[in-house]
A.B. asks: 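There's a structure below that I have some questions on.
So that the names make sense, note that chain A is the first sequence line, chain B the second, and so on, each numbered from 1.
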There are 2 protein chains.
Amino acid sequence: MTDQQHTAKAFDSDLQDLSRMVAEMGGLAEKQVAEAVAALARRDTALAQRITEADTSIDKLQHEIEEKAVLTIARRQPMAVDLREIVGALRLANDLERIGDLAKNIAKRVIALNAEFPPPKLIRGVEHMTDLLLEQLKTVLDAYVRRDISKALSVWRGDEEIDAVCTSVFRELLTYMMEDPRNITFCIHLMFCAKNIERMGDHATNIAETVHYIIEGRPIADKRPKGDTTTIPALRAAGE
Amino acid sequence: MTDQQHTAKAFDSDLQDLSRMVAEMGGLAEKQVAEAVAALARRDTALAQRITEADTSIDKLQHEIEEKAVLTIARRQPMAVDLREIVGALRLANDLERIGDLAKNIAKRVIALNAEFPPPKLIRGVEHMTDLLLEQLKTVLDAYVRRDISKALSVWRGDEEIDAVCTSVFRELLTYMMEDPRNITFCIHLMFCAKNIERMGDHATNIAETVHYIIEGRPIADKRPKGDTTTIPALRAAGE
């Protein structure tokens with residue numbers, strides 16, 4: 001092998017390592033999200049505690065990806081599509097770290113709720129949002145691994161559904177809160193949980209945009225399809 | 001000037017550009033936060049609209065910093081402290097983009113609240129949090145520009161106060177909500193605004209950690225001082 005072939009091979013290996021690390025981080029984030037909402041549904045504070053502790057693994061991976069990306073750029077001086085791969089890995093690591101953090105926050109609320117748990121039917125809306133979100137996350141990480149542009153675009157368009165379910169969850173919670181002041185406390189917790197999942201959906205959409213950028217070299221041109229996420233529609237309806 | 005001196009000079013110039021861009025982004029973020037809460041206090045929906053539009057400038061700067069950082073690493077192959085400077089700029093740009101986004105979300109709620117504004121006394125708690133947050137932000141950006149480790153550490157320790165005020169704001173809002181169901185809608189908006197500002201405080205602390213990392217080459221060793229941010233103390237007290 002010539003020096004040049006050796007260098008090119010080492011660089012490909014760096015890129016593959018980066019890609020693998022991002023995929024691993026994606027898998028961890030998926031697990032944290034699924035388990036945080038399972039802990040909420042099952043009132044499993046022990047599981048919730050494990051989730052808050054496991055968040056450090058996600059943060060650690062983000063730093064490792066950042067270091068690897070920076071060292072690869074410094075050593076290999078990549079151009080064009082390879083540079084986009086590395087920048088893309090950095091961006092994905094950021095969005096996945098945020099998703100992990102939001103899952104940890106849900107877990108913290110589960111621990112704190114302890115004795116004051118909401119009725120199961122109220123949690124179903126949040127579970128529905130989570131199913132949609134996990135589907136988005138799975139698809140977009142798949143799009144990244146396979147460099148599949150159509151999968152990335154389908155995720156980019158799919159965020160509106162999560163926003164719509166979020167609005168209906170808020171509407172339901174508001175009604176409950178207005179019926180009886182004793183419901184207010186746990187309903188607020190559920191609202192924050194729902195908002196966290198809605199934000200995770202935004203990060204999944206960010207990842208879709210990054211995958212598009214890696215493959216096409218430019219951002220998705222159109223304005224992002226976004227439902228109203230201030231929860232105003234739900235709040236306004238409840239006020240009528 | 002020799003080739004080597006010329007290269008070193010060009011690199012210093014790159015680092016200075018990066019630092020300047022981060023400081024500019026910091027200034028924009030400060031402005032967005034201050035104006036978002038002013039819009040809330042004054043019920044100024046026109047100002048709120050300008051804030052939501054101005055967020056694109058912050059996002060644009062983040063991408064420019066990212067590009068500049070990556071190109072600088074590729075061209076100059078920096079090591080040690082220079083590499084930390086560049087990584088630090090990337091991390092700061094991320095935290096500042098998040099702060100800008102949270103300010104935009106507050107502005108969106110101002111627009112949506114429109115006719116249903118909370119009484120001024122309820123907004124005072126949020127304004128108090130904002131004063132503390134802006135002080136943190138100003139100090140930490142100063143710490144970055146001057147590479148001042150003691151300022152960075154003071155910000156890192158100062159986050160607990162914002163968390164404490166957040167808890168008391170939640171307590172106050174909960175009481176209001178329980179007194180009269182008609183208060184629930186705008187109180188929820190204020191809760192989300194308060195939570196956004198509390199999260200901005202976390203990002204200011206992240207920036208303090210990054211400044212420490214740039215100067216010292218290692219993270220702040222201790223566990224981060226953190227008040228309970230699930231708002232459980234407030235919610236529990238209200239349930240008694």
Side-chain angles (χ1 to χ4, degrees), chain A residues 63 66-67 69-79 82-84 86-87 90-91 94 97-98 101 105-116 170 173-174 177-182 184-189 191-192 195 199 202 219 228-239, chain B residues 63 66-67 69-79 82-84 86-87 90-91 94 97-98 101 105-116 170 173-174 177-182 184-189 191-192 195 199 202 219 228-239:
Chain A
H63 283 129
E66 190 183 74
E67 270 178 43
V70 159
L71 283 172
T72 303
I73 297 171
R75 280 189 194 138
R76 316 285 180 209
Q77 289 167 287
M79 299 311 289
D82 294 330
L83 199 58
R84 293 204 304 270
I86 300 172
V87 169
L90 279 171
R91 290 188 189 169
N94 278 342
E97 188 271 330
R98 297 297 311 148
D101 212 56
N105 281 330
I106 291 175
K108 279 178 151 179
R109 289 184 186 275
V110 172
I111 292 166
L113 271 169
N114 211 3
E116 298 183 56
F170 265 74
L173 290 172
L174 258 163
M177 289 164 86
M178 287 181 172
E179 279 176 6
D180 187 345
R182 287 171 301 179
I184 290 179
T185 297
F186 62 72
C187 282
I188 286 174
H189 282 300
M191 276 188 172
F192 275 105
K195 198 85 186 98
R199 281 198 181 103
D202 291 345
D228 185 322
T229 55
T230 56
T231 64
I232 299 308
L235 299 179
R236 189 167 286 139
Chain B
H63 283 129
E66 190 181 73
E67 270 178 45
V70 159
L71 283 171
T72 304
I73 298 170
R75 279 188 196 140
R76 316 285 180 210
Q77 289 168 288
M79 299 310 289
D82 293 331
L83 200 57
R84 293 204 305 269
I86 301 172
V87 169
L90 279 171
R91 289 188 190 168
N94 278 341
E97 188 273 329
R98 297 298 310 149
D101 212 56
N105 281 330
I106 291 175
K108 279 179 151 179
R109 288 184 185 278
V110 172
I111 292 166
L113 270 168
N114 211 4
E116 299 183 55
F170 265 74
L173 291 171
L174 258 162
M177 290 163 86
M178 287 181 172
E179 280 176 6
D180 187 345
R182 288 170 301 178
I184 290 178
T185 298
F186 63 72
C187 282
I188 286 174
H189 282 302
M191 275 189 172
F192 275 106
K195 198 86 185 97
R199 282 200 180 102
D202 290 345
D228 186 321
T229 55
T230 57
T231 65
I232 299 308
L235 298 179
R236 189 166 286 137

A.B. asks: Out of A/Arg76, A/Glu179, A/Arg98, return the one with the most heavy atom pairs under 4.5 angstrom to chain B.
C.D. replies: A/Arg98

A.B. asks: Between chain A and each of B/Asp180, B/Asn94, B/Leu71, count heavy-atom pairs under 4.5 Å; write down the option with the most.
C.D. replies: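 Top option by heavy-atom pairs under 4.5 Å: B/Asn94.
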
A.B. asks: Under 4.5 Å from any heavy atom of chain A, what part of B/Ile86 do you find: side chain, backbone, both or neither?
C.D. replies: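 Neither part.
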
A.B. asks: Considering non-hydrogen atoms only, spot the tightest contact between B/Met191 and A/Phe192 and give its length.
C.D. replies: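 Shortest heavy-atom contact: O-CZ, 4.2 Å.
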
A.B. asks: Show your reasoning for whether side-chain contact (heavy atoms from CB on, under 4.5 Å) applies to B/Lys195 and A/Lys195.
C.D. replies: CA-CA 12 Å; B/Lys195 198 86 185 97; A/Lys195 198 85 186 98; over 6 Å; no

A.B. asks: Contact part of A/Arg84 toward chain B, heavy-atom cut-off under 4.5 Å: side chain, backbone, both or neither?
C.D. replies: neither

A.B. asks: Which residues pass the side-chain hydrogen bond (donor to acceptor under 3.5 Å, both in side chains) test with B/Arg75, not counting sequence neighbours?
C.D. replies: none

A.B. asks: Under a 4.5 Å heavy-atom cutoff, which of A/Met177, A/Arg182, A/Glu67 has the most pairs with chain B?
C.D. replies: A/Met177

A.B. asks: For A/Ile73 and B/Val70, work out which heavy atoms get closest and say how close.
C.D. replies: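 Distance-wise, the nearest heavy atoms are CG2-O, 3.6 Å.
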
